[in-house]
Amino acid sequence: MDIQWVRSQFPALQNNFTFMDNAGGSQVLQQVLARINHFMVNYNVQLGASYEVSALAGQVLDEATTRMAQLINAPDPREVVIGPSTSMLIRILSLCLGRTWLPGDEVIVTNSDHEANVSPWVDLQRQGIVVKTWRLNHESYRFEIDDLEEMLTEKTRLVAMVHASNILGTINPIREVADFVHKNGTLLCVDGVAYAPHRKVDVKAFDADFYFFSTYKTYGPHQAVMYGKRALLEQMPGINHYFLEDAVPYKFQPGNFNFELCYGMAGLGEYLHNFHTHHFEHTSGPLSQSQYQACFEIIADHEAVLAERLIQFLLDKPKVRIIGETSWDKNSRVPTISFVHNDLKSSDIVEQVDKHRIGIRFGDFYAKRLIHDLDLEKKDGVVRVSLVHYNTLNEVDRLIEVFDQIL
């Protein structure tokens, strides 16, 4: 991967600061900034009017949504729901789906998810929904299908789980889980927030019924995407005005979505098109799924090199315990790397790093149930270094130099 070319696409990377808290929010592409500005100057009107600018605004927003659908391999752009955050979109889904369930129906959540994919389902207990928790193996930091099988019943309506943990970095086998739960007639809801910045999202291949990610963690503006299978979106009640019950996806977007940010998010597609042209060859028209995949393969290879360097260093520190996989295999994890120290609190470590203009973080990252179950609250959670493809080996080495003085 041409790292210098990549970094030239992100204006904030020219500011002499090292960003390693990317799982909390990535830096924004130049293409995204340009598109937001272009929309505000040229199309900043309400949709649905008969005058020219309104019609053009609707057209360019449809194109932006279509581009996002192509990127994630959604069969129909109407299966893409835009909203302010993954937390809000999952909450909306839970309210809408919950209206179709009866007391005694069951939902399975995990103890490894960000709370965004837990609390909305747990709150349905108020209407009599039974909530069970699928807990990961504390030794392997992985979920066991056998454990899930024991919890599934004929009343299980949905399993909610994370694609990649925002603490562990582990990539979970979503297609395997989808195939398993679908045999039971159960739906699968996947939080892909910590996966999407690093790997190609392919909703057809995953076969999850609902899939979420945040565009502000995939180099874009502060909003989010929900994919839902069209038949399911059409069947369930919405949360918008009564006269919009047949309007998919609008019935899940009360007050509509943010127009300029929706238009801006298509900058990610532009970036990947340019990425492919720079590293392979120019392609006219949208990239194919295999071409998108080729881009993410290069990205994954680069990220694996970064992860190897940092994990190898941490493994050599006898007082450090990595929380998650100690492998840097790109098929097993993303470069979100967490650890604790035998003697130091995680907050003490991060606060010493701060003065070196390197942004890392400590805490539970809203995966509070995982931190509690791993008994890490007394450590102030974990130290988390979350890398992405615009990070460099030199940046990792500089962090290692700082860590070496502390750990």
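The figures that follow rest on heavy atoms only: side chains count, while hydrogens, waters and symmetry mates do not.
- Between the side chains of Asp209 and His182, at least one donor N or O sits under 3.5 Å from an acceptor N or O.
- Minimum heavy-atom separation, Ile323 to Leu168: O-CD2, 3.6 Å.
- Distance alone, capped at 3.5 Å, is enough to place a donor-acceptor pair between the Gln14 side chain and the Arg7 backbone.
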- Message: Let's go through Lys368 and Glu377 carefully: what are the C-alpha distance in whole Å and the side-chain angles of both, what is the deciding distance for salt bridge (charged side-chain N to carboxylate O under 4.0 Å, His left out) to 0.1 Å, and is it a yes or a no?
- Response: CA-CA 9 Å; Lys368 284 182 174 290; Glu377 292 165 319; over 6 Å; no

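- Considering only heavy atoms from C-beta on, Val201 stays 4.5 Å or farther from Leu71 through its side chain.
- Side-chain N or O atoms of Thr215 include one that pairs as donor or acceptor with a backbone N or O of Gln223 at under 3.5 Å.
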- Show the numbers, then the answer: is there a side-chain contact (heavy atoms from CB on, under 4.5 Å) between Asn166 and Val193? CA-CA 8 Å; Asn166 71 336; Val193 170; over 6 Å; no

- Checking salt bridge (charged side-chain N to carboxylate O under 4.0 Å, His left out) for the pair Lys200/Glu297: CA distance, chi angles, key distance, verdict? CA-CA 8 Å; Lys200 171 76 171 71; Glu297 284 294 329; over 6 Å; no

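- When side chains are defined from C-beta on, Thr18 counts as touching Arg398, because their heavy atoms get closer than 4.5 Å.
- In the model, Ser290 has a side-chain atom that pairs as donor or acceptor with a side-chain atom of Ser288 under 3.5 Å.
- In this pair, Phe313 and Phe403 present their aromatic rings parallel. The plane angle is below 30°, not in the 30 to 60° band.
- Once rounded to the nearest 0.5 Å, the distance linking CG of Leu315 with CD of Glu308 reads 10.5 Å.
- Judged purely by distance below 3.5 Å, without hydrogens or angles, the side chains of Ser327 and Asp329 never pair a donor atom with an acceptor atom.
- Between Phe275 and Tyr292, every side-chain heavy-atom pair lies at or beyond the 4.5 Å cut-off.
- Under the 4.5 Å side-chain criterion, counting only non-hydrogen atoms from C-beta, Phe10 is not in contact with Val28.
- Checked by atom type and distance alone, the side chain of Trp101 never pairs as donor or acceptor with a backbone atom of Leu124 at under 3.5 Å.
- Not a single donor-acceptor pair under 3.5 Å links the side chain of Asn184 to the backbone N or O of Thr186.
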- Message: Arg199 vs Glu303, test: salt bridge (charged side-chain N to carboxylate O under 4.0 Å, His left out). Steps then yes/no.
- Response: CA-CA 10 Å; Arg199 304 291 185 270; Glu303 291 181 341; 3.1 Å; yes

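- The residue from Asp21, Thr336, Asp364 that alone fulfils the side-chain hydrogen bond (donor to acceptor under 3.5 Å, both in side chains) condition with Arg384 is Asp21.
- Between Phe259 and Phe257, the ring planes are perpendicular. Angles over 60° get that label, and only those under 30° would be called parallel.
- In this structure, Ser346 and His341 have side chains that are not in contact, with every pair of non-hydrogen atoms separated by 4.5 Å or more.
- The distance from atom CZ of Arg361 to atom OG of Ser338, rounded to the nearest 0.5 Å, is 12.5 Å.
- No hydrogens or angles considered: a donor-acceptor pair under 3.5 Å links the side chains of Asn22 and Tyr390.
- With hydrogens and angles disregarded, a donor-acceptor distance shorter than 3.5 Å links the side chain of Arg35 to the backbone of Tyr263.
- In this structure, Asp301 CG and Met1 CE are separated by 10.0 Å, a value rounded to the nearest 0.5 Å.
- Shown here for Thr277 and Thr283, the closest heavy-atom pair between the two residues is OG1-N, 4.2 Å.
- Looking at Val177 and Phe143, their side chains never come closer than 4.5 Å, going by heavy atoms from C-beta outward.
- Remark: the backbone N or O of Val162 is paired with a side-chain donor or acceptor of Asn172 at under 3.5 angstrom.
- A cation-pi contact, defined as under 6.0 Å to the ring centre and within 45° of the axis, is absent between Arg357 and Phe17.
- Contact detail for Val388 and His198: the closest heavy-atom pair is CG1-CE1, 3.7 Å.
- Classification of Asp397 and Arg309 as a salt-bridged pair holds, one side-chain N sitting under 4.0 Å from a carboxylate O.
- Interatomic distance, Tyr227 OH to Ile72 CD1, rounded to the nearest 0.5 Å: 7.5 Å.
- Side-chain rings of Tyr219 and His389 approach one another, their centers coming within less than 6.0 Å.
- With Lys217 contributing its side chain and Ala23 its backbone, the two residues share a donor-acceptor pair below 3.5 Å.
- For Tyr43 and His38, the distance between ring centers is under 6.0 angstrom.
- Of all heavy-atom pairs between Val80 and Pro249, the closest is O-CG, 3.5 Å.
- Between atom CD1 of residue Ile358 and atom CG of residue Leu399 there is a gap of 5.0 Å, rounded to the nearest 0.5 Å.
- By the 30° and 60° cut-offs, the orientation of the rings of Trp5 relative to His278 is parallel.
- Across all their heavy atoms, Asp113 and Met161 have their closest contact at OD2-C, 3.2 Å.
- Shown here is His356, whose NE2 atom has more than 12 heavy atoms of other residues, nucleotides or ligands within 6.0 Å.
- Between Glu270 and Arg67 the shortest side-chain heavy-atom distance falls below 4.5 Å.
- Within the 3.5 Å criterion, the main-chain N or O of Asn342 finds a donor-acceptor partner in the side chain of Lys379.
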- Task: Evaluate the criterion side-chain contact (heavy atoms from CB on, under 4.5 Å) for residue pair Met236 and Phe252; output intermediate values, then yes/no.
- Result: CA-CA 10 Å; Met236 78 176 78; Phe252 305 107; 3.7 Å; yes

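- At a threshold of 4.5 Å between non-hydrogen side-chain atoms, the residues Leu268 and Thr218 count as touching.
- Glu234 has no carboxylate O lying under 4.0 Å from a charged side-chain N of Arg78, or vice versa, which leaves the two without a salt bridge.
- His114 NE2 to Ile90 CD1: the interatomic distance, rounded to the nearest 0.5 Å, is 9.0 Å.
- Between the side chain of Thr156 and the backbone N or O of Thr153, at least one donor-acceptor pair lies under 3.5 Å.
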- Evaluate the criterion side-chain contact (heavy atoms from CB on, under 4.5 Å) for residue pair Phe210 and Val190; output intermediate values, then yes/no. CA-CA 6 Å; Phe210 306 100; Val190 178; over 6 Å; no

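- Between Arg175 and Asp179 there is a salt bridge, with a side-chain nitrogen of the basic residue lying less than 4.0 Å from a carboxylate oxygen of the acidic one.
- In this structure, Glu106 pairs ionically with Lys132, as a charged nitrogen and a carboxylate oxygen lie closer than 4.0 Å.
- Across every non-hydrogen atom of Leu47 and Ala57, the tightest pair is CD2-CB, 3.7 Å.
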- side-chain contact (heavy atoms from CB on, under 4.5 Å) between Leu136 and Arg142, worked out: CA-CA 5 Å; Leu136 54 78; Arg142 288 194 169 272; 6.0 Å; no

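- With salt bridges taken as basic N to acidic carboxylate O contacts below 4.0 Å, one links Asp375 and Lys378.
- In this structure, Tyr211 has its ring center under 6.0 Å from that of His163.
- For Glu79 (side chain) and Asp76 (main-chain N/O), a donor-acceptor pair under 3.5 Å exists by modelled atom type.
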